[in-house]
2 protein chains.
Amino acid sequence: MRDVAEHAGVSVRTVSNVVSGYTHVSDATRARVQRSLDELGYKMDYLARGLRSGRTGFVALAVPFLVEPYFAALAQAVIQAAARRGITVLVESTGGDREVERRILAGGLTNVADGVLFSALTAPAADVPPAGPDFPLVMLGEHNVSDHLPRVGIDNVAAARTAVEHLLAQGCRRIVALGRNGSENGRQRAEGYQQALSAAGVRRVNWLVEPVDDWTREHGYATVRRLLEGSGPLPDAIFAFNDALAVGALRALDASGVRVPDEVAVVGVDDIPESAYTHPPLTSIAPDLDVIAERALGLLDAQTRAAGRTGTGDAAEGAPDADADWHGPSEATPFRLVVRESSLRPAPAP
Amino acid sequence: MRDVAEHAGVSVRTVSNVVSGYTHVSDATRARVQRSLDELGYKMDYLARGLRSGRTGFVALAVPFLVEPYFAALAQAVIQAAARRGITVLVESTGGDREVERRILAGGLTNVADGVLFSALTAPAADVPPAGPDFPLVMLGEHNVSDHLPRVGIDNVAAARTAVEHLLAQGCRRIVALGRNGSENGRQRAEGYQQALSAAGVRRVNWLVEPVDDWTREHGYATVRRLLEGSGPLPDAIFAFNDALAVGALRALDASGVRVPDEVAVVGVDDIPESAYTHPPLTSIAPDLDVIAERALGLLDAQTRAAGRTGTGDAAEGAPDADADWHGPSEATPFRLVVRESSLRPAPAP
DNA sequence: GCGATTGTTTGCAACGATGCAAGAGGCAGT
DNA sequence: ACTGCCTCTTGCATCGTTGCAAACAATCGC
């Protein structure tokens with residue numbers, strides 16, 4: 001920047017003004033500086049800017065596994081939404097590791113990112129500081145962590161209910177829920193499943209919630225395989241808590257020669273891209289990832305602005321905090337049921 | 001850091017020495033500083049360190065689309081390999097946009113990352129500076145960009161040849177190649193396809209290379225759909241240039257009632273996770289992503305060290321450059337053929 | 001024609017860390 | 001006791017940028 005300043009015959013500060021789009025710069029000066037900028041191939045040092053201004057233009061996104069299609073799609077949506085705001089995303093893969101997740105909640109990414117979007121898996125409730133984190137943080141999806149953290153995601157109970165209601169409408173009565181585990185997410189989807197069955201008056205003996213450790217294709221496959229080898233009567237539908245499980249289930253059914261949807265209907269959640277290409281194409285609950293990403297970034301922004309006091313400039317003090325708005329569980333984001341062949345019974349029963 | 005220094009009764013510099021693991025610090029001092037560090041909850045500011053030391057501990061990874069399973073898997077591998085080295089990965093999604101890719105080659109990520117791993121899609125050959133980039137850069141996979149850039153990836157010609165040889169061994173003779181496009185990658189896989197057919201003495205009239213714009217499920221589906229509706233004789237095998245295309249092809253075959261592998265065998269490249277769960281499970285060429293990630297980071301490291309002169313410290317000058325080693329096309333990384341049902345003909349022809 | 005207002009440019013210090021080199025203390029050798 | 005050579009610790013300047021506020025110039029109202 002000093003070089004550019006000399007080359008253009010102005011002060012360093014003026015160059016900074018031009019670069020950062022300060023209003024009060026004469027057109028003549030701006031043009032001259034701009035020319036020098038181009039000529040010398042100036043590139044802004046984002047580190048230095050971040051150090052001085054306290055804002056880096058980065059947002060960190062932490063997800064358990066990037067290879068899981070849902071998280072990949074989520075990441076893509078966040079990256080795109082961030083790009084629209086001129087923000088760069090720093091993707092961190094926690095591997096679902098408790099320790100890594102704890103470090104994130106403790107602020108491990110704070111000074112390099114203006115805010116953190118965190119999709120927790122193990123979600124260590126005890127690991128969040130009692131007073132809440134001292135940096136902008138938004139949770140994605142459901143989790144076990146403190147209620148005081150802002151979060152963005154669909155209403156899992158409603159989503160599960162919608163999926164199961166669809167199966168009921170197709171005439172299914174012995175519906176297996178696949179995916180219950182220790183997570184809050186799993187609890188909620190099981191809850192929605194139960195609500196739908198209760199409301200439809202399905203006899204309790206027909207409920208079956210299959211526990212699954214991880215929501216992956218592998219576990220879906222193995223669990224359904226085991227289910228089919230069991231002695232009980234065949235279910236007429238499987239509600240998988242996510243599409244990866246459903247994909248595994250479809251594979252297991254296919255391998256066992258069970259016809260889908262004629263013998264067993266299948267529904268998943270997430271509507272990952274591959275769900276349109278399974279055998280048969282998978283019915284799924286599709287969250288609007290763009291809305292999730294957009295809203296999450298908006299909430300981060302609100303926090304950043306509300307907490308303007310800390311580390312922004314040389315002088316201290318700021319607004320007394322707007323507190324409301326982003327605090328508390330925000331409104332759930334929209335989702336819709338995408339019906340494909342895997343759940344379309346030839347002749348819906350009465 | 002100043003606070004910690006006061007609290008421990010030492011100079012700021014000594015705290016820095018402790019934090020960065022400098023050798024000549026007495027055990028007593030180290031312990032005392034460490035205690036203050038913990039007590040005050042000190043967190044290193046990576047921006048400041050990066051600004052002063054010239055190294056940030058970040059590596060940027062630029063891929064076209066994170067939702068494409070291959071790139072997600074690649075990213076995951078890179079993130080893991082980087083974590084082992086104490087490096088954080090900054091993931092950038094170019095969207096395959098020419099302008100974005102140009103900006104990356106121009107060094108848009110330089111001062112925030114110590115090096116860049118770049119998986120180019122449009123690969124603008126003209127956009128790389130004639131003298132080569134002035135920052136550590138490693139290309140992932142094949143590309144059209146300058147030969148002088150170090151790159152890491154499998155031998156695409158050999159991979160394609162292997163895939164096609166496998167189909168030939170299964171008795172297939174009328175093999176369609178699916179995926180030729182403008183990319184270098186596509187050219188090489190087509191080349192391997194041709195080599196295998198030539199070597200096997202398959203009559204030229206049986207060659208068929210189907211062009212495809214993007215290597216996605218959608219394009220694979222649409223292209224095969226069109227192929228099946230055509231008047232020509234049915235192929236007995238499809239060699240898809242990647243698994244996403246193969247997945248689309250499988251869906252199209254399934255939708256048209258064509259049995260796989262009995263009527264048409266299918267092979268893909270990449271061995272993405274979902275390939276083990278398709279109908280039927282997909283035979284594929286599996287690159288070793290861990291080796292790719294590891295080697296790529298190693299090459300970056302070599303470049304970083306070789307170019308130690310620029311911007312490292314206050315004084316100038318460094319080693320006279322090792323030049324060799326990372327220069328020129330490095331040895332191809334290993335791959336293997338993973339045989340699944342999609343290519344297993346019931347009775348291999350003579 | 002003069003102070004007030006607005007518009008434009010600038011100097012200085014600082015963000016939080018590290019490179020460099022020198023200072024302080026201890027110990028052995030002569 | 002003096003020198004030389006360790007080990008340990010420290011002060012100062014600096015990375016590239018922006019916050020703050022002052023300086024200067026031009027314009028305006030009366």
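Residue numbering restarts at 1 for every chain, and letters A, B, ... go by the order of the sequence lines.
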Calculate the interatomic distance between R2(A) atom CZ and dC12(C) atom P; express it in whole Å. 13 Å
Those residues at least two apart in sequence (or on a different chain) that pass side-chain contact (heavy atoms from CB on, under 4.5 Å) with V67(A) are F65(A), A73(B), Q76(B)
Residues that R85(A) engages under side-chain contact (heavy atoms from CB on, under 4.5 Å), provided they are two or more places apart: I87(A), E294(A), L297(A), D301(A)
Non-hydrogen atoms of F58(A) and V112(A) that approach each other most closely: CD1-O, 3.4 Å
Throw together a table of side-chain donor-acceptor distances under 3.5 angstrom for residues 17-25 of chain A, partners on residues two or more places apart or in other chains.
{"unit_1": "N17(A)", "atom_1": "OD1", "unit_2": "R13(A)", "atom_2": "NH1", "d": "2.8"}
{"unit_1": "N17(A)", "atom_1": "ND2", "unit_2": "R13(A)", "atom_2": "O", "d": "3.4"}
{"unit_1": "S20(A)", "atom_1": "OG", "unit_2": "S16(A)", "atom_2": "O", "d": "2.7"}

Expressed as a whole number of angstroms, how long is the span from M1(B):CE to dT18(C):C1'? 9 Å
CG of L51(A) versus P of dG19(D): gap in Å, rounded? 12 Å
Quick one, which residues of residues 9-25 of chain A touch DNA chain C with a heavy atom under 4.0 Å? V10(A), S11(A), R13(A), T14(A), N17(A), Y22(A), H24(A), V25(A)
Could I get the full list of side-chain contact (heavy atoms from CB on, under 4.5 Å) partners for S119(B), not counting sequence neighbours? V63(B), P64(B), F71(B), L140(B)
Take the protein atom CZ of R30(B) and the nucleotide atom P of dT9(D), then report the distance between them rounded to whole Å. 9 Å
How close or far is atom P of dT9(D) from atom CD of E6(B), stated in whole angstroms? 18 Å
Test side-chain hydrogen bond (donor to acceptor under 3.5 Å, both in side chains) applied to T94(A) - qualifying residues, sequence neighbours left out: none
Tell me every residue that passes side-chain contact (heavy atoms from CB on, under 4.5 Å) with A75(B), counting only those two or more places apart in sequence or in another chain. L66(A), L61(B), L66(B)
Set of side-chain hydrogen bond (donor to acceptor under 3.5 Å, both in side chains) partners for E6(A), sequence neighbours left out: none
Which residues share a side-chain hydrogen bond (donor to acceptor under 3.5 Å, both in side chains) with R35(A), sequence neighbours left out: none
Partners meeting side-chain hydrogen bond (donor to acceptor under 3.5 Å, both in side chains) with D27(B) (sequence neighbours left out): none
Would you mind reading off the distance between D27(A) atom CG and dT8(C) atom C1', rounded to a whole angstrom? 12 Å
At what angle, to 10 degrees, do the two end axes of the helix from dG1(C)-dC30(D) to dT30(C)-dA1(D) meet, given five pairs define each axis? 50°
Please give me every residue in residues 31-45 of chain B whose heavy atoms get under 4.0 Å of an atom in DNA chain C, ordered by residue number. Y42(B), K43(B), M44(B), D45(B)
Among dT9(C), dC8(D), dA17(C), find the nucleotide with the atom closest to the side chain of S26(A). dT9(C)
Near F135(B) CZ, under 6.0 Å, is it more than 12 heavy atoms from other residues, nucleotides or ligands? yes
Answer yes or no: side-chain N or O of R52(B) and base N or O of dT14(D) forming a donor-acceptor pair under 3.5 Å. yes
